[in-house]
Visitor: 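First the structure, then my questions, so here it is.
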Amino acid sequence: ASDREQARSCYQRAVKLDGANATYFKALEQAHVAAAQFEPLTVAREGSANAVLSDSRHRAALFVLRARIHETRLEEPDRAIELYQQALDLDPNSAGAQHALKRLLYQRGRWRELIGVLQREAQQTSDPLVRTQAQFRVGRIFSERLGELPEAATALGRAMQSSPGDALVLDVLSSLY
């Protein structure tokens, strides 16, 4: 066995002996990255996340890293979506998780779930521009993707409340009538 394989084996034994030691998991992760072993890497990252239960932001970041592997290396977008959602449950301010989740839901045509993410974003932000954009996107999805015009009008009305006089929102809202 090569030195890398032996090292990986040692790190795996260390993790089994002390599953709460984040350092062991980090070493195991690095060994899996060096060997381009992505499925075991996600398992190691799950262990890392479980080793830092008291730090929700750190755990969320580890969930995002796992999601990226599922999305890009393992080509499992549905699993990536689940992990991005879990990251946001742990840290609602995880911009990386939020952007990736919105992108994947859009690509997969999962409109209702995307609406939920956008509505959550609109509720949690203190930035009126972000709130307007999120509600605008909700309105367009209801209108263009789901054909639900009353819901579209409601969302666009909320966007107008956040940004009175926004010409684009007003234009799309007026096109509904």
Visitor: Would you mind reporting whether I81 and Q85 have side-chain heavy atoms less than 4.5 Å apart?
Guide: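 Answer yes - side chains close enough.
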
Visitor: Any idea which heavy atoms bring G139 and A152 closest together, and the distance?
Guide: O-CB, 3.3 Å

Visitor: Check R79 with E82, please: is the shortest side-chain N to carboxylate O separation under 4.0 Å?
Guide: yes

Visitor: Any side-chain heavy-atom pair from I115 and L146 closer than 4.5 angstrom?
Guide: yes

Visitor: Would L118 and I141 count as a side chain to side chain contact (heavy atoms under 4.5 Å, CB included) if you check the C-alpha gap in whole Å, the side-chain angles of each, and the deciding distance to 0.1 Å?
Guide: CA-CA 10 Å; L118 290 166; I141 292 168; 3.8 Å; yes

Visitor: Work out which heavy atom in A97 is nearest to a heavy atom in V64; give both atom names and the distance.
Guide: CB-CG2, 3.6 Å

Visitor: Is any NZ, NE, NH1 or NH2 atom of the basic residue among E121 and K102 found under 4.0 Å from an Asp or Glu carboxylate oxygen of the other?
Guide: yes

Visitor: Quick check for you: to the nearest 0.5 Å, what is the distance between Q6 atom CD and C10 atom SG?
Guide: 7.0 Å

Visitor: First locate atom OG of S94, then atom NE2 of H99, and finally report the distance between them rounded to the nearest 0.5 Å.
Guide: 9.0 Å

Visitor: L170 and L176: same hydrophobic cluster, using ILVMFWY side-chain contacts below 4.5 Å?
Guide: yes

Visitor: What closest approach, in Å, do A80 and H70 show between heavy atoms, and which atom pair accounts for it?
Guide: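 Shortest heavy-atom separation between A80 and H70 comes out as N-CB, 4.1 Å.
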
Visitor: Can you check whether L105 reaches V117 side chain to side chain, under 4.5 Å on heavy atoms?
Guide: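 Sidechains of V117 and L105: in contact.
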
Visitor: Please give me the minimum heavy-atom distance between Q98 and P92, naming the atom from each residue.
Guide: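 Heavy atoms only, the tightest pair is OE1-O, 3.8 Å.
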
Visitor: Is it true that, when you exclude R4 itself, more than 12 heavy atoms of the residues, nucleotides or ligands shown sit nearer than 6.0 Å to its CZ?
Guide: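 12 or below, so no.
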
Visitor: Is it true that I69 and L101 fall in one hydrophobic cluster, defined by side-chain heavy atoms closer than 4.5 Å?
Guide: no

Visitor: Is D18 salt-bridged to R13, going by a charged N under 4.0 Å from an acidic O?
Guide: no

Visitor: Tell me, do L88 and R120 make a side-chain contact under 4.5 Å, heavy atoms counted?
Guide: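 Yes. Closest side-chain heavy atoms under 4.5 Å.
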
Visitor: Would you say L168 and Y177 are hydrophobically clustered, going by side-chain heavy atoms of ILVMFWY under 4.5 Å?
Guide: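 Linked within one cluster.
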
Visitor: Determine, step by step, whether M160 and T132 satisfy the side chain to side chain contact (heavy atoms under 4.5 Å, CB included) criterion, reporting the C-alpha distance in whole Å, the side-chain angles of both residues, the deciding distance to 0.1 Å, and the verdict.
Guide: CA-CA 7 Å; M160 286 299 293; T132 300; over 6 Å; no

Visitor: To the closest 0.5 Å, what do you measure between CZ (R145) and CZ (R140)?
Guide: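 Rounded to the nearest 0.5 Å, the CZ-CZ separation comes to 9.0 Å.
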
Visitor: I need the Q133 CD to D166 CG distance, nearest 0.5 Å.
Guide: 9.0 Å

Visitor: Using the rule given for salt bridge (charged side-chain N to carboxylate O under 4.0 Å, His left out), can you reason through D78 versus R110, listing the C-alpha separation, both sets of side-chain angles and the distance that settles it, and then say yes or no?
Guide: CA-CA 11 Å; D78 291 330; R110 291 168 63 170; 2.8 Å; yes

Visitor: Taking CZ in R57 as the centre, count heavy atoms belonging to other residues, nucleotides or ligands within less than 6.0 Å. Is the count above 12?
Guide: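 Open: at most 12 neighbouring heavy atoms sit under 6.0 Å from CZ of R57.
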
Visitor: Which is it for L62 and R66 under the side chain to side chain contact (heavy atoms under 4.5 Å, CB included) test, yes or no, and what are the steps along the way?
Guide: CA-CA 6 Å; L62 291 168; R66 284 177 58 209; 5.8 Å; no

Visitor: Are Q135 and L156 packed together at the side-chain level, in the sense that at least one heavy-atom pair is separated by less than 4.5 angstrom?
Guide: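 Result no, sub-4.5 Å side-chain heavy-atom pair not found.
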
Visitor: So does D171 get a backbone contact from the side chain of S174, meaning a donor-acceptor N/O pair under 3.5 Å?
Guide: yes

Visitor: Under a 4.5 Å cut-off applied to non-hydrogen side-chain atoms, are D91 and R59 in contact?
Guide: no

Visitor: Determine, using the 4.5 Å side-chain heavy-atom cutoff (strictly less than), whether F136 and V130 are members of one ILVMFWY cluster.
Guide: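 The answer is no; the residues belong to distinct hydrophobic clusters.
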
Visitor: Taking all non-hydrogen atoms of both residues into account, name the closest pair between L83 and A67 and its distance.
Guide: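 Looking at all heavy atoms of both residues, the closest pair is CB-CB, 3.6 Å.
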
Visitor: Could you check E46 against F63 for side chain to side chain contact (heavy atoms under 4.5 Å, CB included), going step by step and ending with a plain yes or no?
Guide: CA-CA 7 Å; E46 181 177 10; F63 273 80; over 6 Å; no

Visitor: When rounded to the nearest 0.5 angstrom, what is the spacing between CD in Q123 and CD in Q119?
Guide: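 Answer rounded to 0.5 Å: 7.0 Å.
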
Visitor: Could you tell me which residues satisfy side-chain hydrogen bond (donor to acceptor under 3.5 Å, both in side chains) with R112, sequence neighbours excluded, listed by chain and number?
Guide: E148

Visitor: Hydrophobic clustering (ILVMFWY, side-chain heavy atoms < 4.5 Å, transitive) - are L149 and V138 grouped together?
Guide: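 The answer is no; the residues belong to distinct hydrophobic clusters.
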
Visitor: Would you say that S163 contacts V169 through its side chain, given a criterion of any heavy-atom pair below 4.5 Å between the two side chains?
Guide: no

Visitor: Enter the distance from Y106:OH to L114:CG here, rounded to the nearest 0.5 Å.
Guide: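 So the OH of Y106 and the CG of L114 are separated by 9.0 Å.
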
Visitor: Using side-chain heavy atoms (C-beta onward) and a distance below 4.5 Å, is R68 in contact with Y84?
Guide: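 In contact.
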
Visitor: I'd like to know whether the aromatic ring centres of F142 and W111 sit less than 6.0 Å apart in this structure.
Guide: no

